[in-house]
Each structure stands twice: as C-alpha cells, then as structure tokens.
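Just below is one structure, and these are the notes that go with it.
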Amino acid sequence: MKLPKPSNFIEEIVVQDIKSGKHGGRVHTRFPPEPNGYLHIGHAKSIALNFGLAAKYGGITNLRFDDTNPAKEEQEYVDAIRKDIKWLGYDWGDREYYASDYFEQLYRMAIKLIKKGLAYVDDSTPEEIAHHKGTPTTKATPTPYRSRTIEENLDLFYRMRNGEFDDGSKVLRAKISLDSPNMHLRDPLLYRIKRAHHHRTGDKWCIYPMYDFAHGQSDSLEKITHSICTLEFLPHRPLYNWLIKQLEIFPSRQIEFARLNLTYAMMSKRKLLALVNEGIVHGWDDPRMLTISGLRRRGYTPSSIREFAHRIGIAKRDNMIDMALLEFVIREELNRIAMRVMVVTHPIKVTITNYPEGKEELLSIINNPEDESAGSREVPFSKNLYIEQEDFMENPPKKWFRLSPGGKARLKGAYIIQCDEVIKDSDGQVTELKCTYFHDSKSGQDQSGIKVRGVLHWVSAPHAYEGEVRLYDRLFKVENVGASDLPTEEIINPDSLIVVPNAKMEPALKNASPDTYYQFMRKGYFCIDPDSTDDKKVFNRTVTLKDGWKRKSTK
RNA sequence: UGGCCCAUGGUGUAAUGGUAACACAGCGGUUUUUGGUGCCGUCGUUCUAGGUUCGAGUCCUAGUGGGCCAACCA
C-alpha cells in the first residue's frame, strides 16, 4: 500500500497508525465548532486540516456542533457555519452531529462514573470550589462533599436532572486528584445546573455537561480516530485519556497543533462578537472581518483560502503569519481569472481639444492578458474623459512617467495624449486638463513613433456609468492585535473603509455580475457587493494591486 | 515562582543522525500598452552551554526565551 508523503507531524502520526493497523487502518476526523459565532480564517485552517487529512489518507470527516452551553449558542450560528464550510468546498456527507444528540448517553456515562466511585455531587459555590482547588504549587483541600456515598451521589445527580435544585447550587465532579500540578485533574467539573433554552433540545434538560465531559465522549461515540484540536487543550489531554479509560469507551486520540495568528488581525470569537455588537463593523460578514463570510463578501475565493491554509503549514510552535501571505494567495488567483476593466475613483476632467466634438469611437480592449479565451470588449472613447487625480502631477519627481504639464502618456487601449494646459479652481485645485491627442498613435496601429512609458486608465465622460466603490483596508493598524493593551477604538484603522459613491466606470460595468471577479486596472481586484441594485452597483475592493511606484516613492 | 508545550533567515514551513531548503516579505534587474503579471538575480537561518556520536538543526542534560494551565466557557 502506497501512502501519500506526510507533510506535517500530524500526518506522520496518521501514517504510523495506518501502517501499524491501528483501528484497522481507519482515519476518521471531525470538525467541532461551537455555534456561538461565525467561523473565521483560523477555523479555515482547522477545517482544511481535518477534512484535508482525512481525504488524503482515505478517511472521512464529521461535522459536529459542540453545543453544550445553551446560554451562548444559537441556530443562526449553526446555519452560518454549515454554509461557510460548504462554501469552502468541504463535504461532511450525512455525518452532521451535535453533542446535544448525546445528552442521554453522556448522562448514563456520568452514572457509570458515580457507580465506580469516581464522581461526586458537590454543593460548594464556584468561589468555594476555586478556593479548595488550591494553586499549581499548593495542594487542594477536599470539599466536605467529596466523601459522599455512591448512593447519595446517585440520588443527588438524579434529582439534579429532575430539576429539584436551583441553578448553580450543585455540580457533578470527577474524583481524580487533590495534588496534581495539572489543575484540570483536580476534580474537574462534569455537569452544571443551568436552566437555559437550548436551540435543539429546548427545555428538556436543566443540567448540561462541561466541555471535558462532552467533547472526548462525543469523539468516542463517533469512533473518531484522530481528534485534532488547538494547543490550549493540551493540558486537557490527561483528563481526556482518563475518562476514556474509566468509561471504557472507544480510545480516540487527541492531537494538538498551534492555532493561526495573523498580523493586523484579531482571531478571538469573543472580541469579534464585540466588534459586531458595538457597531465597529457592520455585522459578521463585514468585508473587513476575517470571518469566512466576511472574506467571501470581500471577494476571496474558496480556493485561495484553501491555498492559504496549505501554505501556512501545521506545527506546534506559536506563529504569526504575515497578512501579506493572505493577500498574495488571492492576488495570485485573481490575476489568472479577473476581468480587466477601467474605473476612475477620483476623477479629473480631461478635454482632448483636437478631437472632434460629438465624435465617438469604440476601442477594442482585451479582457484578460493572462487568459486569451477571455476575449475582448469595446469601450467608448470621446473628446471628454476622466483620468485619475493621482495620475497627474504638476511638479513631478524624477522617474515620473504619468501625466504632467507638457508631458505625454498613453491612455490604455487608446491614444497618446499630451497635457497642454492645467485649469484650477479658486482654491488652486486642478479641475481639468486640456490635452491634445496624436491621431496616428491609436493602440495597435501606432504610427506616431512617440515613446511613452506611462499608461493610464480612463473613462469617457458622456458614457460613464456611476457606481459605488468601497475601498477596504485592514481593520487594525497595529501588527500584533492580540498583544495590544490599547482599547479597541485606538487600534482600529480609521481608513479601513472609504466609500466612493460615484466612481466613473466604463459602461460595461452597468451589467456587472456577482459571479465575475474584476480587476479595476492599475487599482486592484473588486467584486460585486450584495448591496448592489439594478440601478446602483456596489463594488468591494478585495485587495490592491502591488504598487511598485508607491513603494519606491515613499521610501 | 509547580507542571506541561515550544525554539531553524524579517515571517512561516521543510530537512526523520550524513551538503540547511522552499514559500512569502525585502532589495536589484529585465520584459511589459496595467509602475500589475512573468522571468532572472540577491539578501539572510539552526537560542546558549555542555554531553553522546566518525558525524547533531535532529538524541541527552542544564540554562535562557516564548506560550499554556488555577471559567459552573469551549
């Protein structure tokens, strides 16, 4: 049997297990989100790992919602999570499970533990329990309830389920250790009383299992072979294994890897929720959010996100991935597939003084130089045009090869023009350029012999379609957001969204499609936002083009 | 300051006891009717000290640095 070469330490474990015949060579993973928020790019790493690993080694992957805390979980999140995983391109077949499906079995497992004398009902308050637990350097003192009899515990636990006690008045704890340096082994809580409406089980239960008494047991019930989670669960592993042993259930194996950290990004679901609730962003799918739904709306493709997950690799050391890598993978893909169009966001009027009034030409412009099959389209040209403000400088620096007084530049797919006169308003702002064009310099049949280095995008003024453009940039202005102590409002990038309500667009964009990825030439990659209407198209900037000039000139 | 995990260019990841490599970022050049793309080049890496070994990024010990753990969250 020929196995694919492992590309990280987890795959090495899997390969070893297959070779040794563990679980009959079966590989079964799971992705276990808690439905208390939307999935983000960090989850994409985990999804790609769990689904990718199984696919690579002939296994399967379950989707399991870890819904043991009804106070925080909602159906809306379940729906969003399912949609996002599908969109990313992964399929869990009919294996969609919920920890809440196992509540009855989990309850019976707890009974088993009590009967073995390995769990007890504790009446202490949270403060008392924390106090009794001690610290990593000091021993725990047993609470007075630790020595209750099995019969008493059985009766109490039954009555906990039966709703005879107030919320928080009792918990079920495992009886493991009073002095382990691993705090998770100092009689961890297994069940708590919480009267909250559960999005799936309704009001059937008033006791809910804790993570440690739900996750591993769900893994076992589903016969998961490799239960992959992030590093912060590493100290839970001894408890995970203890429960498998004492409960005598299927021995899933927990393996930990380092979660994703990204520069200029925030990955905590709790803080993401705060951004939404405080109105700092316009919802979970705000294109500035690094949620899957935000990235989708921003114009990222599923394959680019998968490629990103592949490139960042899997390891155990803490990492901080450069945002530039995420931008690289989407540029790489969009460069291949995006339709090139011309849009002027900050216009200056250009009048071609020697071009006949009322004349118009249709100029053929290629749609995608990277893809011949994309063909070409016709763009109208006339005497009155718009060009970008930043493509004209009155006092240009060295090596400037865009337009300047007396200077020449080519209009993309059209003619070479020369700037003859600069018209300003009373504030000294440039409002219009009077230019002449060279009639024999037409693109593709240039007989003029004039050489220019600058090529500008343009839009014919009488033909222009006015659409909205939303220029997105990174949400945070500090590199390591997680390490910042500053209040959120001080680290938010004030220019993370700049709206241009009336950008000048070539007329074809009136019929822009949500299924097409666009490159606004020389500006960046854009996609249609769902806010678009038939009358008003709205475009989101996914990412800018690399800008060699800006880099050089700001050095 | 108890225990556990981790340590390879600026950032990531590989090298499985035998010549430290790949990508991103940076820098330089070239091509170009997008200052985009492509192509070429360049920069720069094994935390420290001991030990084992013919040979150590890899194994052992200690140190140093970073991270995690004392929620009725997951």
Side-chain angles (χ1 to χ4, degrees), chain A residues 6-9 12 32-34 36 66-69 71-73 99 122 124-126 129-131 133-138 140 167-173 179-184 186 189-194 207-208 210-212 214-215 229-238 256 258 263 269-270 311-329 331-332 335-336 340 342 365-366 369-370 399-402 409-414 416 441 443-444 446 452-457 519-525 544-553:
Chain A
S7 59
N8 58 58
F9 78 97
E12 280 171 20
E34 183 190 11
N36 67 342
D66 224 338
D67 55 349
T68 57
N69 185 3
K72 291 186 176 171
E73 295 150 6
D122 196 327
S124 308
T125 65
I129 289 177
H131 177 75
K133 266 189 188 174
T135 69
T137 52
T138 61
D167 283 14
S169 62
K170 284 180 169 48
V171 291
L172 183 73
R173 300 177 69 179
D179 58 5
S180 171
N182 182 343
M183 298 302 287
H184 293 281
R186 315 257 271 227
L189 274 62
L190 268 24
Y191 266 91
R192 76 284 212 184
I193 305 172
K194 182 180 275 194
I207 57 170
Y208 292 95
M210 303 288 291
Y211 167 84
D212 286 308
H215 198 106
C229 62
T230 47
L231 241 28
E232 65 268 28
F233 291 99
L234 196 148
H236 294 247
R237 176 148 42 102
E256 310 84 10
T263 58
K269 259 204 262 182
R270 189 177 57 78
R311 281 180 183 250
I312 59 178
I314 298 292
K316 292 184 81 162
R317 68 188 96 104
D318 290 329
N319 60 83
M320 178 67 78
I321 305 289
D322 194 336
M323 178 70 85
L325 183 62
L326 186 60
E327 295 181 344
F328 169 81
V329 295
R331 283 196 189 106
E332 183 186 44
N335 175 56
R336 288 197 304 268
R340 271 65 170 174
M342 292 196 288
I365 297 185
I366 200 159
E370 308 293 320
K399 298 238 179 122
W400 172 264
F401 37 85
R402 280 118 97 157
R410 172 174 293 281
L411 297 175
K412 172 72 190 178
I416 293 172
S441 67
S443 187
D446 186 353
V452 293
R453 294 206 61 187
V455 179
L456 313 182
H457 62 279
Q519 185 197 101
F520 291 2
M521 267 205 277
R522 305 205 306 134
K523 299 191 74 68
Y525 295 100
T544 60
L545 256 32
K546 274 211 304 198
D547 190 341
W549 169 250
K550 186 183 271 178
R551 238 182 311 151
K552 206 173 289 182
S553 59

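Comparing the P positions of C27(B) and A21(B) gives a spacing of 24 Å, expressed to the nearest Å. Taking the P atom of each, A25(B) and A74(B) are spaced 41 Å apart, rounded to whole Å. Nucleotides U53(B) and A71(B) are separated by 49 Å at their C1' atoms, to the nearest Å. Comparing U64(B) with G50(B), their C1' atoms are spaced 14 Å from each other, to the whole Å. Between C40(B) and C22(B), the distance separating the two P atoms is 13 Å to the nearest Å. Spacing between U58(B) and C73(B) at atom P, rounded to whole Å, works out to 44 Å. Taking atom C1' in both G18(B) and G55(B), the straight-line distance is 7 Å, to the nearest Å. Using P as the reference atom, G44(B) and G63(B) are 35 Å apart when rounded to the nearest Å.
Interatomic distance, L190(A) CG to D122(A) CG, rounded to the nearest 0.5 Å: 12.0 Å. Distance check: R192(A) CZ to D167(A) CG gives 11.0 Å after rounding to the nearest 0.5 Å. Between atom CG of residue L411(A) and atom NE2 of residue H457(A) there is a gap of 10.5 Å, rounded to the nearest 0.5 Å.
Distance alone, capped at 3.5 Å, places no donor-acceptor pair between the R331(A) side chain and the G524(A) backbone. Counting only distance, with no hydrogens or angles, the side chain of R410(A) and the backbone of S441(A) share a donor-acceptor pair below 3.5 Å. In terms of modelled atom types and a separation under 3.5 Å, the side chain of T138(A) and the main chain of G134(A) share no donor-acceptor contact. No donor-acceptor distance shorter than 3.5 angstrom exists from the side chain of T230(A) to the backbone of E232(A), with no hydrogens or angles considered. Judged purely by atom type and a 3.5 angstrom limit, R522(A) uses its side chain to pair as donor or acceptor with the backbone of V455(A).
The side chain of L545(A) lies closest to G36(B) when the candidates are G35(B), A14(B), G36(B). For D322(A), the side-chain atoms get nearest to A25(B) when compared with the rest of A25(B), G36(B), G35(B). Among the nucleotides G35(B), A23(B), C6(B), the one closest to the side chain of R311(A) is A23(B). With distances taken from any side-chain atom of N319(A) to the nucleotides A74(B), G2(B), G12(B), the minimum falls on G12(B). Comparing G35(B), G36(B), C69(B) by their nearest atom to the side chain of P235(A) picks out C69(B). Checking C72(B), A70(B), G35(B) against the side-chain heavy atoms of M183(A) singles out A70(B) as nearest.
Residue K546(A) places at least one side-chain N or O under 4.0 Å from the OP1 or OP2 atom of U37(B). Listed pair R340(A) / G36(B) fails the phosphate criterion, with no side-chain N or O lying under 4.0 Å from OP1 or OP2. OP1 or OP2 of C27(B) lies within a sub-4.0 Å distance of a side-chain N or O belonging to R551(A). OP1 or OP2 of G3(B) has not a single side-chain nitrogen or oxygen of S180(A) nearer than 4.0 Å. The shortest distance between the side-chain N/O atoms of K316(A) and the OP1/OP2 oxygens of C68(B) is not below 4.0 Å. Listed pair R186(A) / C69(B) fails the phosphate criterion, with no side-chain N or O lying under 4.0 Å from OP1 or OP2.
Looking at heavy-atom distances under 4.0 Å, Q519(A) makes contact with a base. Among the heavy atoms of the strands lying under 4.0 Å from I321(A) are primed sugar atoms or P, OP1, OP2 only; no base atom is included. Looking at heavy-atom distances under 4.0 Å, S124(A) makes contact with a base. Looking at heavy-atom distances under 4.0 Å, K194(A) makes contact with sugar-phosphate atoms alone, never a base. Residue T138(A) is out of contact with every strand shown, counting any heavy-atom pair closer than 4.0 Å. Contacts of Y208(A) with the nucleic acid, taken as non-hydrogen atoms under 4.0 Å apart, are absent. Across all strands, D212(A) comes closer than 4.0 Å to no nucleic acid atom at all (heavy-atom distances). Among the protein residues, E34(A) comes within range of the sugar-phosphate backbone only, with heavy atoms under 4.0 Å from sugar or phosphate atoms but none that close to a base. Among the heavy atoms of the strands, none lies under 4.0 Å from L411(A). Counting non-hydrogen atoms under 4.0 angstrom, H457(A) reaches nothing in the nucleic acid. Note on R270(A): nothing from the nucleic acid sits closer than 4.0 angstrom, heavy atoms only. Note on M521(A): a base of the nucleic acid sits closer than 4.0 angstrom, heavy atoms only. At a threshold of 4.0 angstrom between heavy atoms, the contacts of N182(A) with the nucleic acid are absent. At the heavy-atom level, G413(A) lies under 4.0 Å from base atoms of the strands shown.
Contact of R522(A) with G35(B) (side chain to base): no donor-acceptor pair of N or O atoms is detected under 3.5 Å. Below the 3.5 angstrom threshold, one finds a donor paired with an acceptor across the side chain of R410(A) and the base of U33(B). A donor and an acceptor atom sit less than 3.5 Å apart, one in the side chain of H236(A) and one in the base of A74(B). For U1(B), the base has no donor-acceptor partner in the side chain of T137(A) [N/O atoms by modelled type, under 3.5 angstrom].
Look at CD on E73(A): it is 9 Å from C1' on C73(B), rounded to the nearest Å. Atom NZ of K550(A) and atom P of A25(B) are 16 Å apart (whole Å). Across the protein-nucleic acid pair, I312(A) atom CD1 and U13(B) atom C1' stand 10 Å apart, rounded to whole Å. Atom CD in E256(A) sits about 14 Å away from atom P in C69(B), given to the nearest Å. A straight line from NZ of K399(A) to P of G35(B) spans 15 Å, rounded to a whole angstrom. The separation between M210(A) atom CE and A71(B) atom C1' is 7 Å, rounded to whole Å. Between Y211(A) atom OH and C69(B) atom P there is a gap of 13 Å when expressed in whole angstrom units. In this structure, K552(A) atom NZ and G36(B) atom P are separated by 8 Å, rounded to whole Å.
Residues W549(A) and R402(A) share a closest heavy-atom pair of CD1-NH1, 3.3 Å.
Comparing D167(A) and H184(A) along RNA chain B, the residue whose closest nucleotide (by nearest heavy atom) sits nearer the 5' end is H184(A). Taking the nucleotide of RNA chain B with the nearest heavy atom to each of R237(A) and E332(A), the more 5' of the two is matched to R237(A).
Of all nucleotides present, only G18(B) satisfies the Watson-Crick or G-U wobble test against C54(B), with each distance under 3.5 Å. Across all strands shown, C72(B) has no partner, as no Watson-Crick or G-U wobble contact with both distances under 3.5 Å is found. When Watson-Crick and G-U wobble pairs are counted only if both distances are under 3.5 Å, U1(B) pairs with no nucleotide at all. Remark: U64(B) base-pairs with A7(B). Criterion, Watson-Crick or G-U wobble with two distances under 3.5 Å.
Taking the six-membered ring where tryptophan is involved, the planes of H236(A) and Y211(A) are perpendicular, since the angle between them exceeds 60° and thus also 30°.
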